[in-house]
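Below, all heavy atoms of this structure are taken into account, side chains as well, without hydrogens, waters or symmetry copies. Here the structure is a predicted model, which means the values were calculated and not measured. Chain letters run A, B, ... following the sequence lines, proteins first, then strands; residues in each count from 1.
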Amino acid sequence: QKEVEQDPGPLSVPEGAIVSLNCTYSNSAFQYFMWYRQYSRKGPELLMYTYSSGNKEDGRFTAQVDKSSKYISLFIRDSQPSDSATYLCAMSGDNDMRFGAGTRLTVKP
Amino acid sequence: DTAVSQTPKYLVTQMGNDKSIKCEQNLGHDTMYWYKQDSKKFLKIMFSYNNKELIINETVPNRFSPKSPDKAHLNLHINSLELGDSAVYFCASSSSGGLYGYTFGSGTRLTVV
């Protein structure tokens, strides 16, 4: 079993849709949870960062962490074609960072 | 001003050659990393350096050798390149052990022919 599981997609939605991206993990030591966005032929860029369980909102993006279920989510409201990218979850703890495989998202105009 | 810069951006080379990729960060971070991203976009840690000291060395062929002359630079040297080494290599940096996320470079696309 991989430490971090993420459905690679691809996921295609119409513009304006609500997008839900998810990851599960197995290591209880993870305390910090992140989402990265990676455009084609670019490096990943940090999109959202949360500590332990709870929600965090930033504009159209909401990150949720449920440590009891070892499950994290990223919601994108009113999705735009510019949101088309690969989204990678990541989590860290005990000087260890692990990435999910990434979900490729396409938002169609 | 690029925060994490790596060169070259593209590298095409023949099997058996030796090549180097350079990375520099101007963020004042104390930890730098090399990641390999395969065709399926999976990011795999290769090495991590904290203040010039190697702290993570994942199962990587010893043909790969990192070098950190100072905490702002981390280079990757690859000997005897093989077809399977073709991938995108990302340099990243962080502070506080990376607990708050990494800053990535734009990647070096290595193609071995």
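Counting non-hydrogen atoms of other residues, nucleotides and ligands closer than 6.0 Å to NZ of B/Lys44 gives a total of 12 or fewer. In this structure, B/Lys22 places its NZ atom where only 12 or fewer heavy-atom neighbours from other residues, nucleotides or ligands lie under 6.0 Å away.
Contacts between residues 105-113 of chain B and chain A, counted as heavy-atom pairs separated by less than 4.5 Å, involve B/Gly105, B/Ser106, B/Arg109. Among the residues in residues 75-89 of chain A, those with a non-hydrogen atom closer than 4.5 angstrom to a non-hydrogen atom of chain B are A/Thr86, A/Leu88.
Relative orientation of the A/Tyr25 and A/Phe33 rings is tilted, given thresholds of 30° and 60° on the angle between their planes. Ring orientation note: the planes of A/Tyr32 and A/Tyr51 are tilted relative to one another, at an angle of 30° to 60°.
No hydrogens or angles considered: a donor-acceptor pair under 3.5 Å links the side chains of B/Ser20 and B/His77. Under 3.5 Å, the side chains of A/Gln6 and A/Thr103 contain a donor-acceptor pair of N or O atoms. Inspection of the A/Asn22 and A/Ser73 side chains reveals an N or O donor paired with an N or O acceptor under 3.5 Å.
Checked against the 6.0 Å centroid criterion, the rings of B/Phe47 and B/Phe64 do not qualify as a close aromatic pair.
In this structure, no portion of A/Arg104 lies under 4.5 Å from any heavy atom of chain B. Of the atoms belonging to B/Tyr10, it is side-chain heavy atoms, and not backbone ones, that fall under 4.5 Å from chain A. Heavy-atom distances place the side chain of A/Tyr49, and not its backbone, under 4.5 Å from chain B. Using a 4.5 Å cut-off between heavy atoms, A/Glu45 makes no contact with chain B at all. Contact of B/Tyr102 with chain A is made through backbone and side chain together, with heavy-atom distances under 4.5 Å.
Each of A/Ala90, A/Gly43, A/Gly102 has some count of heavy-atom pairs under 4.5 Å with chain B, and the biggest count is that of A/Gly43.
Counting only distance, with no hydrogens or angles, the side chain of B/Arg63 and the backbone of B/Ser80 share a donor-acceptor pair below 3.5 Å. Judged purely by atom type and a 3.5 angstrom limit, A/Lys70 has no side-chain atom pairing as donor or acceptor with the backbone of A/Ser28. With hydrogens and angles ignored, the 3.5 Å screen pairs a side-chain donor or acceptor of B/Asp70 with a backbone N or O of B/His73.
Within the 4.5 Å cutoff, the side chain of A/Pro8 has no heavy atoms near those of the B/Phe42 side chain.
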